[in-house]
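Only a predicted model underlies this, so the values are computations on that prediction, with no experimental measurement involved. Every chain is numbered from 1 and lettered A, B, ... according to where its sequence line falls, protein lines coming before strand lines.
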Amino acid sequence: MKDFWKRFRYNRGAVIGLVILAIVIATAIAAPFIFPQSPWKMVQRPFLPPFTQGGLPLGTDALGRDVLSGLAHGAYVSLLVGLVSTIVALAIGVPVGAFAGYFVGRTDDALMRFTEFFQTIPSFALAIVLLAIFQPSLTYVIIAIAVVSWPPVARLVRGEVLSLRTREFVEAATLSGLGNVQIILRHILPNALPSIIVLASLMVAQAILLESSLSFLGLGDPNIMSWGYMIGAARTVIRTAWWLSFLPGMAILLTVLALNLIGEGLNDALNPRLTRKSE
Amino acid sequence: MMKPFRIAVAVMAIALAGPLAAQDGEPQAGGTLNVVIQPEPPGLMIGLIQNGPTQMVAGEIYESLLRYDFDLTPHPQLAESWEISEDGKTYTFKLRDGVTFHDGKPFTSDDVKFSMDVFLRESHSRTRTYMEHVESIDTPDPLTVVFHLKQPFGPFIGIFEPGTAPMVPKHIYEGTDFATNPANNTPIGTGPFKFDEWVKGSYIHLVKNENYYIEGKPYVDDVYYHVIPDAASRAVAYETGKVDVLPGGAVENFDVPRIRDMENTCITDKGWEFFGPLSWIWINMNNKPLDDLKVRQAMMHALDREFAKDALWNGLGKVATGPLSSSTRFYAGDTPDISYDPVKAKALLADSSYNGETIRLLGLPYGETWQRWAEAVKQNLTEIGMKVEIVPSDVAGWNQKVSDRDFDLAFTYLYQYGDPALGVSRTYMGNNAAPGSPWNNVSNYQNPETDKMFNEAAEMAKPEDRRAAYKTIQDQIVADVPNLWLLELGLPTIYRCNIKNPVNTALGVNDGFRDVWIDKK
């Protein structure tokens with residue numbers, strides 16, 4: 001663990017990413033306490049520019065809603081969607097990839113053709129279709145994002161499992177009479193974990209972007225204040241009130257950047273040999 | 001307000017300079033008018049197709065017997081004078097002499113009879129229902145038409161505008177299949193402009209009718225209607241000078257302030273008096289607790305409509321006071337108060353049967369303005385202690401949900417056609433509440449008394465009697481709050497200030513280009 005932290009710290013960017021993410025998480029947790037009022041509440045006259053009115057440091061939007069409050073509550077939504085949809089995607093992708101890689105042959109063919117079926121459809125288009133079919137609510141947004149983002153997980157896990165299944169320790173486990181599922185769970189997946197963790201951190205970033213894009217297009221949950229929604233609603237007034245699109249845009253940019261930096265740091269820390277090679 | 005029985009005996013002279021024209025300076029002839037049309041109309045034969053863009057273009061090609069000013073007072077158009085009998089059952093129109101169709105054939109009383117009795121009865125569903133009140137039409141001579149009504153029908157004098165009662169040429173359509181007549185592609189009317197060319201997806205070109213029956217009119221040489229499907233591009237088309245007139249609704253509300261502030265740019269919200277677009281929120285009274293009057297009153301007083309007008313509609317339009325638009329005949333402003341009063345709303349809600357149920361609010365999927373509006377309404381209702389959830393939808397989904405009554409609250413707006421019997425009673429009549437249509441009595445308002453009065457008021461001969469009846473009806477309906485009335489929509493026409501007089505009737509640019517002129521200074 002100490003080594004892990006040392007290697008992670010070695011990557012400056014990753015540390016910066018971690019700090020930014022910590023701030024975003026803290027904001028998300030603190031939002032309901034700092035801004036107990038709903039972010040939808042119309043508190044002042046519309047289109048108040050930032051830093052012109054005490055108590056409303058970032059100004060107000062088209063309906064006179066507090067932009068700072070919206071950003072804080074939006075952080076919670078973005079992180080929630082990012083985390084939950086990634087967990088759901090892992091829950092689909094990991095078993096599919098593990099079974100395909102471990103059992104090879106027909107199982108592999110069947111599972112991979114199924115995965116490719118999802119991969120051939122552009123993921124964003126598929127997410128839009130799914131939300132057009134279901135009602136755009138937070139639950140369905142998470143499901144739609146998970147459904148379009150599990151195939152890379154499955155492919156990665158399959159690759160890892162394929163290379164691990166012929167190792168000696170797996171053969172030893174087989175000889176000692178362990179069942180297939182036991183072997184996958186106890187011996188193969190733990191060794192594939194580093195790659196999965198790195199991928200997962202990037203998937204959270206991807207999911208946040210997807211949610212923002214969907215909300216921007218008006219396919220998000222209309223009852224939830226998210227960053228994508230804020231940009232979507234402000235798009236029409238970008239020529240007169242640029243800060244309404246700029247601020248949530250920065251929030252998305254920083255959060256996604258932080259997650260990518262962390263992913264890189266994790267990669268360095270968890271796969272030290274790969275890192276050394278690239279140096 | 002003109003006393004309608006004075007009209008009945010007065011014979012109006014042909015007015016050479018349109019009586020509606022509020023002109024500044026001496027009109028100059030010549031020039032080209034560039035207008036935006038959105039969306040592209042499916043056709044221009046207005047007797048067959050009556051959607052918005054068709055009416056906007058065809059209203060310059062086709063004409064009706066009358067023309068209406070901003071107060072909906074009738075003025076001569078194809079009819080130079082008219083008389084209404086004392087019992088309100090006989091309408092006699094004297095037609096102008098020397099009027100010809102664009103193909104040179106004369107326009108006579110035969111064309112009027114054919115249009116009203118044959119063509120429109122067959123192809124125009126709204127006009128067909130009005131014509132059910134007509135027993136027969138006589139044409140004693142080529143310049144006289146007499147309508148005999150079965151019983152008095154108050155709104156009748158208000159239907160002679162080009163979208164409702166266009167005069168179509170008998171010599172082209174008699175005995176043919178109207179819908180497939182090849183002449184539909186080259187519309188022939190009596191109007192100030194003739195059809196010239198239609199390049200699909202690009203523009204519609206109308207040229208001046210040189211033989212127009214009013215000397216010197218129209219002033220401009222031709223009109224181009226440009227088809228520009230994207231709203232932002234329409235705004236840019238005005239900014240770059242490609243078009244000079246943006247009819248109401250052509251650009252998004254949030255673009256209006258920017259364009260309005262441009263140099264040499266004028267804006268008017270007049271020209272919608274005939275349609276009187278009124279927005280409101282349907283309350284689904286089939287659902288509890290919305291059947292409770294106190295809940296409905298609480299919601300009505302919770303809405304800050306003044307704010308919505310300023311923040312979302314650029315201050316254009318008017319806060320509605322009840323079921324009638326203030327431009328509709330027999331509007332009564334002194335109905336029970338429904339203004340913004342959150343304290344009263346809270347008290348009413350506390351006193352009602354509302355118990356924290358989630359209310360589903362269906363927004364209108366017509367773009368950003370309506371989306372923001374739904375959010376503002378949700379917030380207004382949340383602040384008096386209601387739990388509201390916005391239900392997203394597209395246009396098809398909205399139609400479906402409203403038709404199936406699958407909502408609690410739903411935004412809408414409808415036209416009133418100048419008279420409560422034409423555009424208002426349909427929303428409140430108890431027998432018009434069957435699910436399946438998003439345009440009828442969607443709230444399911446049931447009040448036998450107002451039903452009876454609506455029926456009687458439509459058939460009263462004397463306008464004073466109608467006014468009294470509609471006043472009682474409005475008081476009653478406002479007290480019952482079957483809908484949450486929002487705004488009389490202000491749909492601004494934006495144009496260059498050197499284009500004079502583009503909006504001069506209650507139909508706005510739909511039939512106003514007869515009197516337009518361009519100041520070339």
Side-chain angles (χ1 to χ4, degrees), chain A residues 36-48 59-67 69-70 73 128-141 144 214-226 228-242 244-245, chain B residues 231-232 235-236 239 251-261 303-304 306-315 340 342 358-383 385 387-397 401 406:
Chain A
Q37 281 184 338
S38 156
W40 298 96
K41 189 172 169 63
M42 299 172 273
V43 290
Q44 249 289 352
R45 68 181 174 82
F47 297 122
L48 214 56
T60 59
D61 75 356
L63 285 181
R65 301 174 292 213
D66 183 356
V67 173
S69 166
H73 283 90
I128 290 178
V129 171
L130 287 172
L131 283 176
I133 297 170
F134 304 115
Q135 283 252 326
S137 70
L138 191 61
T139 317
Y140 282 116
V141 169
L214 290 169
S215 296
F216 174 79
L217 291 180
L219 287 165
D221 188 330
N223 296 291
I224 284 173
M225 181 68 79
S226 81
Y229 160 81
M230 291 173 80
I231 302 179
R235 166 181 54 109
T236 53
V237 289
I238 195 160
R239 287 163 74 164
T240 46
W242 56 271
L244 292 180
S245 330
Chain B
V236 171
E239 286 172 299
V251 294
E252 302 268 11
N253 277 354
F254 48 79
D255 277 334
V256 169
R258 194 179 80 236
I259 297 175
R260 177 176 57 189
D261 292 343
L303 300 186
D304 189 352
E306 203 68 54
F307 172 82
K309 188 182 102 177
D310 292 339
L312 297 167
W313 291 89
N314 303 307
Y340 178 50
T358 300
I359 304 292
R360 294 167 300 156
L361 171 64
L362 187 62
L364 199 57
Y366 288 173
E368 295 290 323
T369 302
W370 294 90
Q371 211 177 322
R372 290 295 90 71
W373 206 351
E375 289 163 10
V377 164
K378 177 188 169 178
Q379 195 55 35
N380 282 156
L381 296 178
T382 306
E383 268 158 35
K387 211 172 150 217
V388 181
E389 188 182 276
I390 296 177
V391 180
S393 78
D394 52 14
V395 175
K401 284 199 169 75
D406 179 15

Residue A:R65 versus chain B: region with a heavy atom under 4.5 Å: side chain
Engaged part of A:S38 at the chain B interface, taking heavy atoms whose separation is under 4.5 Å: side chain
Show the nearest heavy-atom pair for residues A:K41 and B:Q379, with the distance to one decimal. CA-NE2, 3.3 Å
Under a 4.5 Å heavy-atom cut-off, does chain B meet the side chain of A:P136, its backbone, both or neither? both
CD1 on A:I224 to CD1 on B:I390, rounded to 0.5 Å: 11.5 Å
Search all heavy atoms of B:L312 against all heavy atoms of A:L63 and return the closest pair with its distance. CD2-CD2, 3.9 Å
Taking OH in A:Y140 as the centre, count heavy atoms belonging to other residues, nucleotides or ligands within less than 6.0 Å. Is the count above 12? no
Residues in residues 364-378 of chain B near chain A [non-hydrogen atoms, under 4.5 Å]: B:E368, B:R372, B:E375, B:A376, B:K378
Could you tell me whether A:R235 and B:E252 make a salt bridge, using a distance below 4.0 angstrom between a side-chain N and a carboxylate O? no
Most heavy-atom pairs under 4.5 angstrom with chain B, which of A:A233, A:A132, A:G64? A:A233
